[in-house]
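So the structure is just underneath, and the comments pick up after that.
Just so it is clear, the structure is predicted and the values come from calculations on it, not from any experiment.
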Amino acid sequence: MGTSDATAKVDSPYLRSLLAGGLAGTTVDLSLYPLDTLKTRLQSSAGFLASGGFRGVYAGVGSAVVGSAPGAALFFVTYEGVKRSLHSGSFPVFGTTGLVMGVDEGGHARLVSRRSAWSEPVVHMAAASLGEVAACAVRVPTEVVKQRAQASQHPSSLAALQHILAQRRTRGVSHVWRELYRGWGITVMREVPFT
């Protein structure tokens with residue numbers, strides 16, 4: 001295996017997105033986690049002090065670490081994939097405004113497609129929106145588990161997850177899915193405009 005093999009792996013836009021997204025997401029989540037804990041405790045129905053106050057601001061960080069890298073990586077891989085698909089011409093509505101007389105790569109006069117001025121922003125908005133929806137598939141369950149640990153409903157993320165999963169025996173699998181994805185729709189509606 002030569003140098004070109006190693007370079008080819010790094011040059012993959014999907015691998016680069018996967019690694020960069022995972023590292024960026026984990027860094028941001030870990031650095032802002034104490035603020036997120038305080039916000040969750042302030043919003044808790046039990047009250048700030050009863051939910052832990054300023055103690056244990058990293059309570060529940062396990063779920064954030066476990067879900068952060070996959071969620072961010074899934075966003076960037078989806079974003080890059082959708083962007084490439086939309087640019088490839090598979091979806092002409094995003095890339096062209098019609099055919100015009102032009103010159104092809106060989107210098108011959110031909111009918112060629114013309115990109116509209118608005119197609120580039122629309123491609124990025126569509127790719128980012130779909131990337132956010134994909135990321136929420138990972139982010140929402142980890143947020144549910146994390147917030148239950150942050151609000152001192154459970155001593156750790158693992159205990160919160162085990163509590164949710166244990167409900168399968170008494171309430172069924174569909175209940176567990178509803179619990180893990182509680183707030184998914186509103187989270188997507190909140191996140192997509194900011195992407």
Distance check, rounded to the nearest 0.5 Å: Lys39 atom NZ versus Gln150 atom CD? 8.0 Å

Over all atoms of both residues, closest heavy-atom pair of Ser63 and Val145: CB-CG1, 3.8 Å

Listed partners of His175 passing ring pair (Phe, Tyr, Trp, His ring centres under 6.0 Å), at least two apart: none

For the pair Ser68 (side chain) and Gly25 (backbone), establish whether a donor and an acceptor sit closer than 3.5 Å, ignoring hydrogens and angles. yes

In short, Ser152 meets Ser51 closest at the heavy-atom pair OG-O, 2.7 Å

Single-linkage hydrophobic cluster Trp184~Leu161, side-chain heavy atoms < 4.5 angstrom: yes

To the nearest 0.5 Å, tell me how far Leu23 CG sits from Leu19 CG. 8.5 Å

Do you reckon Leu130 sits in the same ILVMFWY cluster as Val123, going by side-chain contacts under 4.5 Å, direct or chained? yes

Taking every heavy atom of Ala151 against every heavy atom of Ser44, the minimum-distance pair comes out as CB-OG, 4.4 Å

Shortest non-hydrogen pair, Gly60 vs Lys146, comes out as O-CG, 3.8 Å

I need the single residue from His124, Glu132, Met125 that forms a side chain to side chain contact (heavy atoms under 4.5 Å, CB included) with Thr195. Which is it? Glu132

Should Val140 and Glu143 be marked as a side-chain contact (heavy atoms from CB on, under 4.5 Å) after you check the CA-CA gap, both sets of side-chain angles, and the distance that decides it? CA-CA 5 Å; Val140 169; Glu143 282 286 315; 5.5 Å; no

Paired with Glu179, the salt bridge (Lys or Arg N to Asp or Glu O under 4.0 Å) test is passed by just one of Arg171, Arg168, Arg148, namely Arg148

Under the side-chain contact (heavy atoms from CB on, under 4.5 Å) rule, what do Arg139 and Glu191 come out as? Steps first, then yes or no, please. CA-CA 11 Å; Arg139 186 179 303 126; Glu191 297 291 329; 4.1 Å; yes

Determine whether a donor-acceptor pair (N or O, by modelled atom type, separation under 3.5 Å) exists between the side chain of Arg182 and the backbone of Val144. no

Okay, side chain of Ser17, backbone of Val77: is any donor-acceptor separation there less than 3.5 Å? no

Looking at every heavy atom in both Thr37 and Ala59, which two are closest together, and how far apart are they? OG1-O, 4.5 Å

Pairwise side-chain contact, Ile164 with Val176, heavy-atom cut-off 4.5 Å (strictly under): yes

Closest heavy-atom pair, Arg55 versus Leu49, reported as atoms and distance to 0.1 Å, is NH2-O, 4.1 Å

Common cluster, Phe54/Leu42, ILVMFWY with side-chain heavy-atom separation under 4.5 Å: yes

So does Val28 get a backbone contact from the side chain of Ser31, meaning a donor-acceptor N/O pair under 3.5 Å? yes

Check the angle between the aromatic planes of Tyr79 and Phe76 and answer parallel, tilted or perpendicular using the 30° and 60° thresholds. perpendicular

So for atom CZ, which belongs to Phe48, do other residues, nucleotides or ligands contribute more than 12 heavy atoms lying within a distance under 6.0 Å? yes

